[in-house]
Protein chains: 2
Amino acid sequence: MLTRSEEDHIKAVHALLEVGGSASTTEVAERLGTKASSVTVMLKKLADKGLMKHEPYYGVKLTAKGKAAALMLVRKHRLWETFLVDRLGFGWEEVHEVAEQLEHVRSTKLIDSLSEYLGNPAFDPHGDPIPDRNGRFPSRSTVLLTDCPLGAAIRIAAVQDGSDGLLQLLNRKGIGIGMELAVAARQEFDGSVDLQPAKGATITLSAMVAAHLLVEATGTKAKSSH
Amino acid sequence: MLTRSEEDHIKAVHALLEVGGSASTTEVAERLGTKASSVTVMLKKLADKGLMKHEPYYGVKLTAKGKAAALMLVRKHRLWETFLVDRLGFGWEEVHEVAEQLEHVRSTKLIDSLSEYLGNPAFDPHGDPIPDRNGRFPSRSTVLLTDCPLGAAIRIAAVQDGSDGLLQLLNRKGIGIGMELAVAARQEFDGSVDLQPAKGATITLSAMVAAHLLVEATGTKAKSSH
DNA sequence: ATTATTTTTTAGGCTTGCCTAATCTTTATT
DNA sequence: AATAAAGATTAGGCAAGCCTAAAAAATAAT
C-alpha cells in the first residue's frame, strides 16, 4: 500500500509527464515543496516498488502500475472537486486544497459510490476530464483559445493549471465552463483576445489568460474574418 | 496543528472518559492498536500542548481545548457516516473505517457545508448524537434496553459501541434506528428480551445485545406486567 | 576540449511515532 | 506489613521522510 507521500510523488511525476514530457527531480521537488535530494530517494523507493522506471541522472517514467495509481488519484481528486462545487456550493477556486486531502482517502467503494451519486460526471468543475474506474478518459476535441481562428464559435471546455488567482479573474469576467462565445478579435500587439457572448458586452482576455483556456468548437461554423 | 496520530489519541481518550470515567494508558493503547509506552509519550506531548492534564501514574483528563478538539472529531466522524449511509447507500456496518479516514480532513468550511447539505442532522445512522459546530449535543432522554420496564413502548434510539458483527446481527433481526416496539417479555434465566413490533413476529434479543441498545420511551404509557 | 555551471545523487542528521526491554509506582494478595 | 502482580514510565532502537552539505555526473560556455 502507498503512503500519502508516495502518492504525492506519483501524482507530481504524472502531472509533469503529462505536460512537459519529462519529470526532473528538481521539478518534482518544487511541485511538492521539498528538496531534490528527498525526491531522489523517494523516486528510487517507488522504482523498487515497481511503480516507476528510474535511470539515475536521466529521469523517470511511470510503469503501467504507476500510471494506474496516478490515474486513480486524478479520478479521486476530480470527483471530490465535483462534489464540493456541485453539492456543497464551493467556488471552483476554493476546492483544490480540500480535494488534495480527500483524494488520499482509501476506499474503492467510496469513490465508485461517489461517482455514481454525482451521475458519473465526465468532467470536473474546471472542465478537466475525469478518468473512469478503469483509468480511461472521456474523449473530446479541444484546442487552446490562443490557437483559435478568428470568428470561431466556441465553448469554454476547461481551465488548464488554473491558479486561484486565475480562477477568480475568470469569475470576475463572468467566464465559466460550458459558456458559449465567438472569437471576435485578437490584438496583434499583445495577443489579447476579445470574446463575444450571445448577449452582453465583449470580454477581453490577455494572452496569458487565453493560454490557460481550452475550448471546443460548437456546431456553428466559424465566420471568415472581415 | 494536530497530527493525525495526535487526533487519534485525543479521540480515544475522549471516548474512554465518556463511558468509563477514566482513560488508562493501556486502554488507550488497546483502542489504537499500539503499546502503552507509546501512549505515555504521546499523552505527555498532548499535555505539553495544553490539550490534556496528565498526572503520571494517575491518568489523564481533557482540558477545555482538548475536549473541543475531541468533539469536533466526533462531529466530523458522525457527519461523514451520515453522508455515507444517507447519500451514498452504504450499510451502517460498513461506514466506520471510511469515516475514520474522512474525519481527519481539515476544513471548517467543508464540515459546515456538509452538515447543512445533510440537513443539519442531530443523530447519525447508529443513532449517536452529532455535536453542533459549537460542540453542543442535541438532548434526548434515553435508557438502556436492559433497564426498560416490561410492557414499555419504546423507540430504538441508538446502538452503543456497535461492532460490525453486532450491527449485522441487528440487520438480520430487522432492528433499525427509529423502530417502535413494545417490551413484551424478559427471561429471568438469561436476561434475553422479547420485543413486539406493531406488526410482525416477536424479536428476541440476548442480554448481550440488549446492553448495546439505547431506547427512548414513546408517547404510549407502559402497561403493567401480567 | 577544457572549464564552469547546473542538476542529481549520496552521506550524514534530525524529528516523529512507533517498538521492546528495563525500571519505577501503585494496587492486590497473603 | 511484606511481597506479588499489574500498570505506567523511561531508555534505547528503528523506519520513514524530510533536511543540509558534499560529491558526482551531465550540460553549457569559453
Side-chain angles (χ1 to χ4, degrees), chain A residues 1-17 19-62 66 69-70 73 100-101 103-104 106, chain B residues 1-17 19-62 66 69-70 73 100-101 103-104 106:
Chain A
M1 216 192 17
L2 300 176
T3 66
R4 182 174 171 149
S5 173
E6 287 168 346
E7 288 187 341
D8 285 336
H9 281 78
I10 289 174
K11 222 184 104 184
V13 167
H14 177 258
L16 288 166
L17 292 178
V19 294
S22 82
S24 76
T25 306
T26 314
E27 282 171 320
V28 173
E30 271 169 16
R31 188 171 268 258
L32 297 178
T34 61
K35 298 294 176 179
S37 55
S38 307
V39 172
T40 299
V41 176
M42 200 59 172
L43 295 190
K44 194 180 162 200
K45 184 174 158 192
L46 288 168
D48 289 347
K49 283 197 178 189
L51 293 151
M52 299 180 174
K53 221 86 200 175
H54 185 214
E55 310 259 6
Y57 291 103
Y58 280 91
V60 284
K61 282 189 296 187
L62 290 174
L73 287 166
E100 202 75 20
Q101 297 180 64
E103 78 190 2
H104 292 289
R106 255 174 272 275
Chain B
M1 217 195 14
L2 300 177
T3 65
R4 182 175 171 148
S5 173
E6 287 168 345
E7 287 187 341
D8 285 336
H9 280 79
I10 289 174
K11 223 185 101 184
V13 167
H14 177 258
L16 288 165
L17 292 178
V19 295
S22 80
S24 74
T25 306
T26 314
E27 283 171 320
V28 173
E30 271 168 15
R31 188 171 269 258
L32 297 178
T34 62
K35 298 294 176 177
S37 56
S38 307
V39 172
T40 299
V41 176
M42 199 60 171
L43 295 190
K44 193 179 164 204
K45 183 174 158 192
L46 288 168
D48 289 348
K49 284 198 176 189
L51 293 151
M52 299 180 175
K53 221 86 199 173
H54 184 213
E55 311 258 9
Y57 294 102
Y58 280 90
V60 283
K61 282 188 297 187
L62 290 174
L73 287 166
E100 202 75 20
Q101 297 180 62
E103 77 190 2
H104 293 289
R106 254 172 272 274

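Convention: sequence-line order gives letters A, B, ...; per-chain numbering from 1.
For the pair B/Ser5 and B/His9, the minimum side-chain heavy-atom distance is below 4.5 Å. Contact check for B/Leu51 versus B/Leu62: no side-chain heavy atoms found under the 4.5 Å cut-off. Between B/Leu43 and B/Val13 there is a side-chain heavy-atom pair separated by less than 4.5 Å.
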**OP:** May I have the step-by-step check of side chain to side chain contact (heavy atoms under 4.5 Å, CB included) for B/Asp8 and B/His104, ending in yes or no?
**Re:** CA-CA 9 Å; B/Asp8 285 336; B/His104 293 289; 3.0 Å; yes
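Between the NZ atom of A/Lys45 and the C1' atom of D/dG17 there is a distance of 8 Å, rounded to whole Å. Summarising the geometry, the separation between CD on A/Glu7 and C1' on D/dA16 is reported as 16 Å, rounded to the nearest angstrom. Between B/Glu55 atom CD and C/dC24 atom P the separation is 21 Å, expressed in whole Å. Spacing between atom OH of A/Tyr57 and atom P of D/dA24 amounts to 9 Å, rounded to whole angstrom units. Rounded to whole angstrom, the span from the CZ atom of A/Arg4 across to the C1' atom of C/dT16 amounts to 16 Å. One interatomic measurement links the two molecules: CG of A/Asp8 to P of D/dA16, which rounds to 17 Å at whole-angstrom precision. Atoms CE (A/Met42) and C1' (C/dT8) sit 18 Å apart, rounded to a whole Å. Here the C1' atom of nucleotide C/dT8 and the CD atom of A/Glu27 are 13 Å apart, to the nearest Å.
OP1 and OP2 of D/dA8 both lie 4.0 Å or more from every side-chain N or O belonging to B/His54. For D/dA26, the OP1/OP2 oxygens have a side-chain nitrogen or oxygen of A/Tyr58 closer than 4.0 Å. One finds no side-chain N or O of A/Thr26 lying less than 4.0 angstrom from the OP1 or OP2 phosphate oxygen of C/dT6. Between B/Thr40 and D/dT9 there is a side-chain polar atom (N or O) within less than 4.0 angstrom of OP1 or OP2.
Residue contacts for B/Thr25: at a heavy-atom cut-off of 4.0 Å it reaches the sugar-phosphate backbone alone, with no base atom in range. Among the protein residues, A/Ser5 comes within range of the sugar-phosphate backbone only, with heavy atoms under 4.0 Å from sugar or phosphate atoms but none that close to a base.
Comparing A/Pro56 and A/His9 by the nucleotide of DNA chain D whose heavy atom lies nearest to each, the residue mapping closer to the 5' end is A/His9. DNA chain D is contacted by both B/Ala23 and A/Ser38; B/Ala23 maps to the nucleotide lying nearer its 5′ end (nearest heavy atom per residue).
A salt bridge links B/Glu103 with B/Lys11: the distance from a Lys NZ or Arg NE/NH1/NH2 to an Asp or Glu carboxylate oxygen falls below 4.0 Å.
Of all the residues in residues 29-37 of chain B, B/Gly33, B/Thr34, B/Lys35, B/Ser37 reach under 4.0 Å from DNA chain C with at least one non-hydrogen atom.
In this structure, the side chain of A/Arg106 engages the main chain of A/Leu2 through a donor-acceptor pair within 3.5 Å.
Applying the salt bridge (charged side-chain N to carboxylate O under 4.0 Å, His left out) definition to pairs two or more places apart or across chains, those involving residues 26-47 of chain A are A/Glu6-A/Lys45.
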